[in-house]
Amino acid sequence: MTVEAYLAGGPTQESDGRLVAGRYRIRSLLGHGGMGLVWLAEDEVLRRPVALKQLVPHPPVSEELLVTARARALSEARATARVDHVGAVRIYDLVEDDGLPWIVMELLSGRTLKDVVAAEGPLPASEVARIGLRLLDSLQAAHRAGVVHRDVKPGNVYLCDAGRVVLADFGIASTAGDDATVADGEFAGSPAYVSPERVRSDEAGPASDLFSLGATLFAAVEGRVAFDKGSLFDTLTAVLHDPPAPFLRAGPLGPVIEGLLAKVPERRLSAEAARTALRAARDAFSSL
């Protein structure tokens with residue numbers, strides 16, 4: 001789909017069968033968000049299904065916005081490629097077609113954590129502890145590679161076949177040695193899951209991802225959002241100043257999540273402390 005077609009009619013649910021970059025045959029639309037479209041496609045060279053992320057700038061499209069879209073795609077592709085871990089989505093290629101960048105990624109099985117909770121309700125605390133441990137593995141691999149994800153949330157966590165938990169969408173990740181691609185004054189991320197230091201526009205390091213992990217685990221085990229107040233301003237204010245919503249289902253997970261949601265990064269649980277606490281919570285559930 002070209003820029004002109006997208007702006008004229010928006011994303012379509014049906015496949016148009018087009019070939020991207022002479023190799024990837026589009027089959028259907030998987031989803032769309034603020035930064036582009038994600039398609040199911042077939043790699044006709046290797047004969048395997050892939051996910052194609054098409055970075056589409058907001059209208060009106062100018063050459064400047066196209067340059068920004070290309071820079072964002074390159075930044076996302078590089079950040080994703082740096083994280084070599086089973087718990088992070090794998091990237092295969094970065095191509096350009098009709099003037100737009102496309103990121104070629106593995107096609108993930110299963111559903112997002114957000115979709116699972118929406119369909120089935122809160123998850124058992126023992127399962128949330130297991131998910132938390134897997135996500136910690138992914139985040140620590142990213143942090144060792146110099147990548148801060150900056151958008152950890154249930155919609156970016158995939159619960160895949162065979163129990164695999166995958167962190168996806170490194171679209172706004174910050175990477176050591178790479179320039180930021182979010183414009184000045186532009187809010188990037190999900191307000192209810194963003195860390196207080198990012199709300200304050202302070203430098204966000206690995207501890208920022210741990211706060212978002214805590215908010216994600218809260219949503220998984222409680223079935224509601226810890227800081228959602230219905231508006232951007234009120235939600236960000238709650239992230240800065242308010243305690244999370246009351247714990248009703250977390251049990252032994254409550255203190256772990258609360259420790260991850262500390263407002264001050266220096267007082268927040270470290271990754272290793274969180275791992276120890278999550279293991280203890282998991283073992284407590286298994287002994288019941």
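Just so it is clear, the structure is predicted and the values come from calculations on it, not from any experiment. In what follows, every heavy atom counts, from backbone to side chain, and hydrogens, waters and symmetry copies are set aside.
In this structure a side-chain-to-backbone donor-acceptor pair under 3.5 Å is missing from Arg282 to Ser126. With Asp97 contributing its side chain and Ala21 its backbone, the two residues share a donor-acceptor pair below 3.5 Å. Of the possible donor and acceptor atoms, one in the side chain of Arg164 sits under 3.5 Å from a partner among the backbone N and O of Val86. Judged by distance alone, the side chain of Ser109 and the main-chain N or O of Asp161 form a donor-acceptor pair under 3.5 Å. Panel note: side chain Arg268, backbone Ala262; a donor-acceptor pair is recorded below 3.5 Å. For Ser75 (side chain) and Ala71 (main-chain N/O), no donor-acceptor pair under 3.5 Å exists by modelled atom type. Using modelled atom types, one side-chain atom of Ser212 and one backbone atom of Tyr193 make a donor-acceptor pair closer than 3.5 Å.
Residue Asp84 places its CG atom among 12 or fewer non-hydrogen atoms of other residues, nucleotides or ligands, all under 6.0 Å distant. Heavy-atom neighbours of Glu96 CD from other residues, nucleotides or ligands within 6.0 Å: above the threshold of 12. Lys114 NZ: 12 or fewer foreign heavy atoms inside a 6.0 Å radius.
Residues Leu55 and Leu100 are not in side-chain contact: their nearest non-hydrogen atoms beyond the backbone lie 4.5 Å or more apart. Within the 4.5 Å cutoff, the side chain of Asp137 has heavy atoms near those of the Arg275 side chain. Side chains of Thr237 and Val199 form no contact here, defined as non-hydrogen atoms less than 4.5 Å apart. Side-chain contact between Lys53 and Met105: present, with at least one pair of heavy atoms (C-beta onward) separated by less than 4.5 Å. Proximity of Thr112 to Val157: side-chain heavy atoms (C-beta onward) are nowhere separated by under 4.5 Å. A heavy-atom distance below 4.5 Å is found between the side chains of Val194 and Leu236. Side-chain contact check for Glu44 versus Leu19: some heavy-atom pair is nearer than 4.5 Å. Proximity of Asp151 to Lys153: side-chain heavy atoms (C-beta onward) are separated by under 4.5 Å at one or more points.
For the residue pair Ser138 and Val165, the shortest heavy atom distance occurs at OG-O, 4.3 Å. Counting all heavy atoms, side chain and backbone alike, Ile91 lies closest to Val104 at CG1-O, 3.4 Å. Considering all non-hydrogen atoms of both residues, Leu30 and Ala51 come closest at CD1-CB, 4.5 Å. The minimum heavy-atom distance linking Val256 with Ala277 is given by the pair CG2-CB, 3.6 Å. Of all heavy-atom pairs spanning Glu197 and Lys263, the tightest one is OE1-O, 4.1 Å. Looking at every heavy atom in both residues, Ile257 comes nearest to Gly214 through CG2-O, 3.4 Å.
The distance from atom CD of Glu272 to atom OG1 of Thr276, rounded to the nearest 0.5 Å, is 6.5 Å. Separation of atoms OH (Tyr158) and CG (Asp115) is listed at 8.0 Å; rounding is to 0.5 Å. Annotation: the span from Ile131 atom CD1 to Leu217 atom CG amounts to 8.0 Å, rounded to 0.5 Å. To the nearest 0.5 angstrom, Ser208 atom OG is 8.5 Å from His143 atom NE2. For the atom pair Leu29 CG and Leu40 CG, the distance stands at 10.0 Å (nearest 0.5 Å). Rounding to the nearest 0.5 Å gives a distance of 12.5 Å between CG of Leu260 and OG of Ser195.
By the 30° and 60° cut-offs, the orientation of the rings of His149 relative to Phe170 is perpendicular.
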Q: Please test Val89 against Glu106 for side-chain contact (heavy atoms from CB on, under 4.5 Å), starting from the C-alpha separation and ending with a verdict.
A: CA-CA 7 Å; Val89 65; Glu106 69 169 312; 3.8 Å; yes
Q. Hey, mind stepping through Thr175 and Arg82 against side-chain contact (heavy atoms from CB on, under 4.5 Å) and telling me if it holds?
A. CA-CA 9 Å; Thr175 305; Arg82 287 178 72 157; 2.6 Å; yes
Q: Show your working on side-chain contact (heavy atoms from CB on, under 4.5 Å) between Val152 and Leu210 and close with a plain yes or no.
A: CA-CA 9 Å; Val152 179; Leu210 295 179; over 6 Å; no
Q. What's the verdict on salt bridge (charged side-chain N to carboxylate O under 4.0 Å, His left out) for Arg111 and Glu120, showing C-alpha distance, side-chain angles and the deciding distance?
A. CA-CA 12 Å; Arg111 295 177 290 171; Glu120 302 174 12; 2.5 Å; yes
Q. Step by step, would you call Leu113 with Leu123 a side-chain contact (heavy atoms from CB on, under 4.5 Å)?
A. CA-CA 9 Å; Leu113 178 58; Leu123 300 183; 3.6 Å; yes
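Residues Leu108 and Val38 are members of separate hydrophobic clusters, defined by side-chain heavy-atom contacts under 4.5 angstrom among Ile, Leu, Val, Met, Phe, Trp and Tyr. A chain of hydrophobic side-chain contacts below 4.5 Å, direct or via other Ile, Leu, Val, Met, Phe, Trp or Tyr residues, connects Leu278 to Leu167. Both Leu133 and Leu159 belong to a common hydrophobic cluster when Ile, Leu, Val, Met, Phe, Trp and Tyr are linked at side-chain heavy-atom distances under 4.5 angstrom. When the side chains of ILVMFWY residues are joined at heavy-atom separations under 4.5 Å, either directly or via intervening members, Leu213 and Val116 end up in a single hydrophobic cluster. By the rule that hydrophobic residues join a cluster once side-chain heavy atoms approach within less than 4.5 Å of another member, Val239 and Val225 end up as members of separate clusters.
Remark: Asp209 pairs with no residue by the salt bridge (charged side-chain N to carboxylate O under 4.0 Å, His left out) rule, at least two apart or across chains.
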Using distance only, find each side-chain donor-acceptor pair of residues 241-254 under 3.5 Å and give its atom names and separation, not counting sequence neighbours.
| unit_1 | atom_1 | unit_2 | atom_2 | d |
| --- | --- | --- | --- | --- |
| Arg249 | NE | Val221 | O | 3.1 |

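Applying the salt bridge (charged side-chain N to carboxylate O under 4.0 Å, His left out) test to pairs two or more places apart or on separate chains, those with a residue in residues 220-234 are Glu222-Arg224.
Geometrically, Arg48 engages Tyr92 in a cation-pi contact, judged by NZ or CZ lying under 6.0 Å from the ring centre and within 45° of the ring axis.
For the residue pair Gln54 / Trp39, a side-chain donor-acceptor distance below 3.5 Å is found, with atom types taken as modelled.
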